[in-house]
Structures are given as C-alpha cells and as structure tokens.
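Report on the following structure.
Any value given below was found using the heavy atoms of this structure, including those in side chains, with hydrogens, waters and symmetry copies removed.
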Amino acid sequence: MPGAISDTVTASFSICGSARRVNCVVDGDTFWLGRQKIRIADIDAPELTPPRCEHERELGEAAKHRLRALLNAGPFSLVAGARDEDPFGRKLRRVLRAGRSIGERMVAEGLVRRWDGDRRSWCD
C-alpha cells in the first residue's frame with residue numbers, strides 16, 4: 001500500500017519505577033522509549049499520581065498494564081500530529097500497529113477515552 005507506515009519501533013517495556021526510566025510505561029497514556037517521554041496523543045487515561053477515587057486507581061492500573069502488553073506485542077510506529085510536544089515536554093504521538101491505533105484499541109476495551117481536549121473526572 002503506497003504511503004503506508006512501517007512498524008519499526010520495538011523495545012521491551014517494563015512498568016516504570018523510581019529508578020532510571022528507559023523503555024517503561026508510566027500510566028495508560030504515557031511511556032518512555034529510550035530517554036524520550038511519549039504521551040499518546042489520541043487518548044486520555046485515568047490518573048495514577050494521584051488518583052482521585054478508587055475507580056480511577058483501578059482503571060488506571062488496568063490501562064497501564066494493558067498499554068505495556070500492547071507495546072510489548074510487537075513492532076509499532078509513532079506518528080506525530082499537529083503539535084510535537086505537550087506543555088510538560090512529552091512528545092505527542094499516535095501509536096500504530098499495522099496502521100491501527102493502539103489508543104483506539106484501548107478505547108474499545110473501555111480502559112481509556114478518546115482525547116477531546118478536556119480533562120474530565122473518572123470518578124463520576
């Protein structure tokens with residue numbers, strides 16, 4: 001298919017701890033690839049630092065572990081959008097595998113929601 005993006009990014013991801021952060025998952029929409037912090041641009045995941053209620057914590061933990069599993073499932077691509085970085089210096093990227101959004105997959109699984117530009121509570 002002309003113009004197709006090839007999945008060339010591959011790494012073994014762990015869950016980030018307090019030590020050096022390289023190739024690890026922070027939460028359901030943020031991970032480190034090498035020394036670069038990536039924010040998945042098309043989704044919003046429940047907060048873990050700190051969660052505002054027990055439901056947000058449980059869903060956030062599930063999203064974090066699912067993202068790790070998806071990133072470790074094989075090569076993927078990172079696609080930049082209109083904005084390169086967020087205000088925190090994280091690279092804003094869509095994460096695709098075989099042309100399909102990993103973020104959209106997590107939305108379909110009920111772990112995250114589409115990013116619409118608004119922060120909304122997970123505790124309602």
Side-chain angles (χ1 to χ4, degrees):
M1 159 153 96
I5 298 166
S6 73
D7 296 334
T8 59
V9 179
T10 184
S12 179
F13 290 87
S14 62
I15 298 298
C16 295
S18 58
R20 195 175 102 191
R21 293 181 170 206
V22 176
N23 298 340
C24 64
V25 175
V26 176
D27 59 25
D29 59 20
T30 306
F31 63 96
W32 286 86
L33 176 61
R35 296 185 184 274
Q36 184 66 61
K37 197 171 191 181
I38 309 287
R39 165 67 160 77
I40 302 177
D42 56 347
I43 61 173
D44 179 37
E47 294 300 323
L48 290 171
T49 54
R52 289 175 284 282
C53 64
E54 184 60 16
H55 172 71
E56 184 172 45
R57 187 195 68 73
E58 290 172 359
L59 194 57
E61 286 292 329
K64 174 175 72 174
H65 288 279
R66 182 63 174 141
L67 177 58
R68 177 182 177 235
L70 289 168
L71 293 175
N72 281 331
F76 57 89
S77 302
L78 296 174
V79 180
R83 288 182 33 213
D84 185 54
E85 287 186 358
D86 70 5
F88 305 104
R90 300 176 295 188
K91 294 292 183 185
L92 294 170
R93 299 291 184 267
R94 289 180 59 230
V95 182
L96 306 177
R97 176 171 292 119
R100 303 187 75 182
S101 168
I102 285 177
E104 281 296 320
R105 182 168 179 177
M106 292 177 67
V107 168
E109 293 174 2
L111 297 169
V112 301
R113 57 186 165 220
R114 283 184 188 88
W115 174 246
D116 63 8
D118 263 344
R119 293 230 176 258
R120 296 187 320 272
S121 176
W122 291 90
C123 299
D124 299 345

Which residues pass the side chain to side chain contact (heavy atoms under 4.5 Å, CB included) test with [X], not counting sequence neighbours?
X	result
Ala69	Arg66
Asp27	Asp29, Thr30, Leu48
Cys53	His55, Glu56, Cys123
Glu85	Lys91

Problem set entry | Under the side-chain hydrogen bond (donor to acceptor under 3.5 Å, both in side chains) test, residues paired with Arg35 that sit two or more places apart |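 Residues passing side-chain hydrogen bond (donor to acceptor under 3.5 Å, both in side chains) with Arg35: none at all.
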Exercise. Excluding sequence neighbours, so at least two apart, what forms side-chain hydrogen bond (donor to acceptor under 3.5 Å, both in side chains) with Asn23?
Worked result: none
Residue pair [X] / [Y], side-chain heavy-atom distance below 4.5 Å:
X	Y	result
Asp44	Val112	no
Leu67	Val95	no
Lys64	Arg68	no

Identify each donor-acceptor pair in which a side-chain atom of residues 98-107 lies under 3.5 Å from a protein atom, sequence neighbours left out, and give them as a table.
{"residue": "Ser101", "atom": "OG", "partner": "Asp42", "partner atom": "OD2", "Å": "2.7"}
{"residue": "Ser101", "atom": "OG", "partner": "Gly103", "partner atom": "N", "Å": "3.1"}
{"residue": "Ser101", "atom": "OG", "partner": "Glu104", "partner atom": "N", "Å": "2.9"}
{"residue": "Glu104", "atom": "OE1", "partner": "Arg114", "partner atom": "NE", "Å": "3.3"}
{"residue": "Glu104", "atom": "OE1", "partner": "Arg114", "partner atom": "NH2", "Å": "2.9"}
{"residue": "Glu104", "atom": "OE2", "partner": "Arg114", "partner atom": "NE", "Å": "3.0"}
{"residue": "Arg105", "atom": "NE", "partner": "Glu109", "partner atom": "OE2", "Å": "3.4"}

For this session: For Ala63 and Pro46, work out which heavy atoms get closest and say how close.
Result: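 Shortest heavy-atom contact: CB-CD, 4.5 Å.
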Exercise. So, for Pro50 and Glu47, which heavy atoms are closest and what is the spacing to 0.1 Å?
Worked result: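 Result for this residue pair: O-CB, 4.1 Å.
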Suppose we screen for salt bridge (Lys or Arg N to Asp or Glu O under 4.0 Å). Which residues come up paired with [X], at least two apart in sequence or across chains?
X	result
Arg21	none
Asp86	Arg90
Arg97	none

For this session: Enter the distance from Ile15:CD1 to Glu61:CD here, rounded to the nearest 0.5 Å.
Result: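 Atom-to-atom, Ile15:CD1 and Glu61:CD are 8.0 Å apart.
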Exercise. Rounded to the nearest 0.5 Å, what separation is found between the CG atom of Leu70 and the CG atom of Leu111?
Worked result: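 Answer for the CG-CG pair, Leu70 versus Leu111, is 9.0 Å.
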Exercise. Quick one: ring pair (Phe, Tyr, Trp, His ring centres under 6.0 Å) partners of Phe13, sequence neighbours excluded?
Worked result: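 For Phe13 the ring pair (Phe, Tyr, Trp, His ring centres under 6.0 Å) partners, ignoring immediate neighbours, are Phe31.
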For this session: Just grab all the ring pair (Phe, Tyr, Trp, His ring centres under 6.0 Å) pairs involving residues 102-124, residues at least two apart or on different chains.
Result: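 For residues 102-124, and leaving out neighbouring residues, there are no ring pair (Phe, Tyr, Trp, His ring centres under 6.0 Å) pairs at all.
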